[in-house]
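This report refers to the structure that appears directly beneath it.
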Amino acid sequence: MPILSDASATPDRTIPSLAGLPRVVPPHRVPPERELPLAAYLRSIRDNALEGFPRRAFEEPVTRRGLLGRSSFVLNDPEAIRRVLVENQANYARTTGTTRILRPILGDGLLISEGSAWRHQRRTLAPAFTPRAIDGLVPHIAAAVTAGMERIATEAAAGPVDLFTSFYRLALEIAGRAMFSVGMDEHGTELRQFIAEYAERMGRPHLLDIVIPPGWPVPLDWARGRFRRRWIPFLDRIIAARREAERTEAHSGDLLDLLAAARNPDTGAAFTADELRDQVATMILAGHETTAGTLFWAAYLLALAPEMQERVAAEAQAADLTDPTGCQSDGRLPLTRAVIDETLRLYPAAFVVVRRALGPDTVAGHAVKASDIVMVSPWVLHRHRMLWPDPDAFDPGRFLPGASAPRRFAYLPFGAGPRVCIGAQFALSEAVMSLACVLKRFRLVLDEQEPVLPQAVVTTQPDRPARFRLIPREPVSP
Ligand code: HEM
């Protein structure tokens with residue numbers, strides 16, 4: 001596929017503080033002119049789902065293709081999206097493939113549970129994810145960011161750094177510390193190996209995962225089952241180590257405490273040990289690769305836009321980051337936050353939200369039948385020609401205070417409706433804080449000749465390791 005990129009056109013900005021900065025269009029593959037044939041489409045789902053969306057998906061409000069006897073819709077009409085994710089959401093469930101692939105690693109945690117089991121979990125977990133509760137976790141996040149920065153500084157001193165790997169470790173460290181109040185030194189390597197092993201083969205959707213009805217085994221299910229039999233004892237070991245540490249060391253409240261203390265508001269019931277473990281797996285898995293990718297793409301965009309990078313660095317250098325509480329919510333770092341928002345527009349970590357219709361519905365005039373697939377793809381939606389001016393250009397000004405808000409249901413990096421991301425506040429806190437800390441300390445220069453392109457399997461990642469030179473900045477007080 002041809003690659004589009006442009007960093008030379010004249011600026012046209014409505015936000016005065018960014019006026020005069022060059023317009024940057026990060027490179028991306030031009031979408032295919034036509035629907036891919038079925039075999040190529042299924043291959044794209046396995047290898048890079050972004051390549052499965054044809055040009056007209058970026059231009060039309062609703063597109064439809066046939067998929068093994070069913071219809072598969074891509075919705076970009078805000079009203080249609082509202083219908084599926086909010087108004088009639090009870091008619092739309094996780095797909096068989098999603099559940100089949102994720103259950104062995106996530107168990108019956110919040111992300112894949114359905115119906116009354118989901119409602120019970122969501123209500124029980126909600127108090128642990130309020131902005132106030134997240135502010136309580138900020139010291140853990142800050143400790144992990146500080147430790148992570150030292151590691152990144154050591155790596156940078158030795159030469160160019162593969163930033164996705166560095167941010168991946170950082171996000172895992174943050175998830176570990178916020179959840180268990182302990183560094184990931186002891187368990188981090190094994191955890192990364194488990195996740196990499198699963199993602200490499202068992203976590204990729206294959207044809208049989210999609211077509212075989214639930215309850216019927218497919219060959220990969222055996223491998224997934226074997227994986228789960230090793231994975232559960234590993235998670236139990238981490239939780240037991242944390243419980244042990246709690247008895248012997250000073251300990252300030254973390255997410256595990258919040259989850260263990262959580263009670264269903266209707267019944268007063270707490271999570272059982274198995275349920276607690278599944279929530280822990282869900283929060284670690286849902287929360288680290290998504291944020292790592294977001295940080296990587298923010299760094300990439302700012303390396304392509306050095307003048308913008310200097311503005312963000314100046315903001316971070318002027319801010320007091322020694323008290324990170326409320327760092328992203330109290331308006332202290334508006335440009336850093338706008339860069340994260342714009343990064344989530346151009347490279348949404350969760351590139352698609354997929355649902356299976358349980359019964360018939362009418363969506364934007366299209367008849368949806370039971371078992372049809374309905375997709376809302378933030379990757380497509382956020383670059384849609386009808387919804388965004390200059391959709392492929394990197395312009396954080398769209399999200400600065402004073403800019404007009406995006407149209408409702410046109411910007412959905414965290415989804416929408418009852419199943420909206422429960423960790424959104426947590427993710428934004430850690431992303432804003434981490435990006436500010438990196439830029440306060442380093443100038444980021446891309447050390448690659450070829451464009452780095454997005455590749456979406458579970459999340460939107462760089463298509464290969466991309467190296468950056470991290471050039472130390474003059475220190476400023478504090
Ligand atoms: C940049 C980071 C993140 C992005 C882009 C993101 C995106 C999303 C999206 C789009 C959904 C909705 C999926 C759907 O409707 O099918 C979702 C759900 C979810 N996210 Fe996130 N997420 C991020 C970080 C996190 C973090 C840090 C956590 C946990 C601490 C988390 C935990 C979850 C959970 C548990 C769900 C399922 C909610 C439910 O079904 O009720 N996410 N996320």
Side-chain angles (χ1 to χ4, degrees), residues 75 81 84-86 89 92-95 97-99 102 106-115 117-126 128-130 133-134 137 140-141 144 167-168 170-172 174-180 254-256 258-259 278-298 328 337 340-356 373-379 381-382 409 411-435 456 458-461:
L75 307 183
I81 294 173
V84 169
L85 295 185
V86 184
Q89 54 85 25
Y92 295 92
R94 299 257 181 262
T95 61
T98 308
T99 310
L102 292 182
L106 299 185
D108 290 314
L110 184 68
L111 191 82
I112 55 167
S113 58
E114 300 274 10
W118 169 78
R119 254 189 312 281
H120 158 75
Q121 294 186 28
R122 183 90 192 195
R123 295 201 63 183
T124 312
L125 287 167
F129 286 92
T130 58
I134 299 302
L137 299 178
H140 297 291
I141 301 179
F167 286 143
Y168 187 95
L170 176 64
L172 201 54
I174 292 173
R177 287 215 193 210
M179 210 155 306
F180 305 110
D254 58 16
L255 194 59
L256 192 76
L258 292 174
L259 300 186
D278 287 349
Q279 302 306 352
V280 165
T282 298
M283 298 309 163
I284 292 184
L285 279 245
H288 77 283
E289 195 174 291
T290 41
T291 313
T294 306
L295 282 169
F296 170 85
W297 291 114
Q328 64 86 17
R337 169 62 197 265
I340 293 294
D341 289 339
E342 176 70 341
T343 302
L344 283 166
R345 184 184 73 82
L346 284 170
Y347 298 98
F351 53 91
V352 70
V353 168
V354 191
R355 298 284 192 270
R356 171 177 55 97
I373 300 296
V374 177
M375 289 191 264
V376 177
S377 164
W379 167 258
L381 183 72
H382 295 173
F409 297 99
Y411 179 66
L412 300 177
F414 295 104
R419 298 209 74 145
V420 68
C421 177
I422 200 167
Q425 279 305 320
F426 185 100
L428 289 169
S429 283
E430 67 171 305
V432 170
M433 208 186 297
S434 304
L435 187 62
V458 179
T459 60
T460 309
Q461 299 190 7

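Counting starts at 1 for both ligands and their atoms, in listed order.
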message = If you apply the rule salt bridge (Lys or Arg N to Asp or Glu O under 4.0 Å), what do you find for Asp341 with Arg337, and how did you get there?
response = CA-CA 6 Å; Asp341 289 339; Arg337 169 62 197 265; 3.0 Å; yes
request  = Apply the test side-chain contact (heavy atoms from CB on, under 4.5 Å) to residues Arg355 and Arg94: give CA-CA distance (whole Å), side-chain angles for both, the deciding distance (0.1 Å), then the verdict.
outcome  = CA-CA 5 Å; Arg355 298 284 192 270; Arg94 299 257 181 262; 2.9 Å; yes
key: Tyr168 and His288: CA distance, side-chain angles, deciding distance, side chain to side chain donor-acceptor pair (under 3.5 Å) verdict   = CA-CA 7 Å; Tyr168 187 95; His288 77 283; 2.8 Å; yes
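The atoms of ligand 1 that sit less than 4.0 Å from any heavy atom of Thr282 are 35 (C). Those atoms of ligand 1 that come under 4.0 Å of a heavy atom in Val353, given as number and element, are 14 (C), 15 (O), 16 (O). Atoms of ligand 1 lying under 4.0 Å from at least one heavy atom of Phe426, given by number and element, are 27 (C). Close approach of ligand 1 to Arg122 (heavy-atom distance below 4.0 Å) involves ligand atoms 38 (C), 39 (C), 41 (O).
The two residues Thr290 and Ala349 make their nearest non-hydrogen contact at O-CB, 3.6 Å. Considering every non-hydrogen atom in both Asp108 and Asp278, the closest pair reads N-OD2, 2.9 Å. Residues Trp379 and Leu346 come closest through the heavy atom pair CZ3-O, 3.4 Å. When all heavy atoms of Ser377 and Phe351 are compared, the pair lying nearest together is OG-O, 2.8 Å. Smallest separation of non-hydrogen atoms from Arg122 and Val420: NH1-O, 2.8 Å.
The single protein non-hydrogen atom nearest to atom 30 (C) of ligand 1 is Phe129 CE2, 3.9 Å, given as residue, atom name and distance. Summary of contacts: the protein heavy atom closest to atom 5 (C) of ligand 1 is Pro413 O, 3.5 Å. Among all protein heavy atoms, the one lying closest to atom 16 (O) of ligand 1 is Arg94 NH1, 2.6 Å. Considering only non-hydrogen protein atoms, atom 40 (O) of ligand 1 sits nearest to Arg419 NE, 2.8 Å.
Ligand 1 lies out of reach of Gln121, whose nearest heavy atom is not under 4.0 Å from it. The shortest separation from a heavy atom of Arg355 to ligand 1 is under 4.0 Å, placing the residue in contact.
In Leu110, the parts holding a heavy atom less than 4.0 Å from any atom of ligand 1 are both the side chain and the backbone. Contacts of Leu85 with ligand 1, taken as heavy-atom pairs under 4.0 Å, are absent altogether.
The distance from atom CE of Met179 to atom CD1 of Ile174, rounded to the nearest 0.5 Å, is 11.5 Å. Rounded to the nearest 0.5 Å, atoms CE (Met433) and CG (Leu428) are 11.0 Å apart.
Under the 4.5 Å side-chain criterion, counting only non-hydrogen atoms from C-beta, Phe409 is not in contact with Leu85.
At a cut-off of 2.8 Å, measuring from atom 21 (Fe) of ligand 1, the protein N, O or S atoms that fall short of it are Cys421 SG, waters left aside.
The shortest N or O to N or O distance between Thr294 and ligand 1 is not below 3.5 Å. Distances between N or O atoms of Trp118 and those of ligand 1 include at least one value under 3.5 Å.
A side-chain donor-acceptor contact under 3.5 Å links Gln279 to the backbone of Leu110.
The salt bridge (Lys or Arg N to Asp or Glu O under 4.0 Å) pairs that include a residue from residues 413-425 are Glu114-Arg419, where partners are two or more places apart or lie in different chains.
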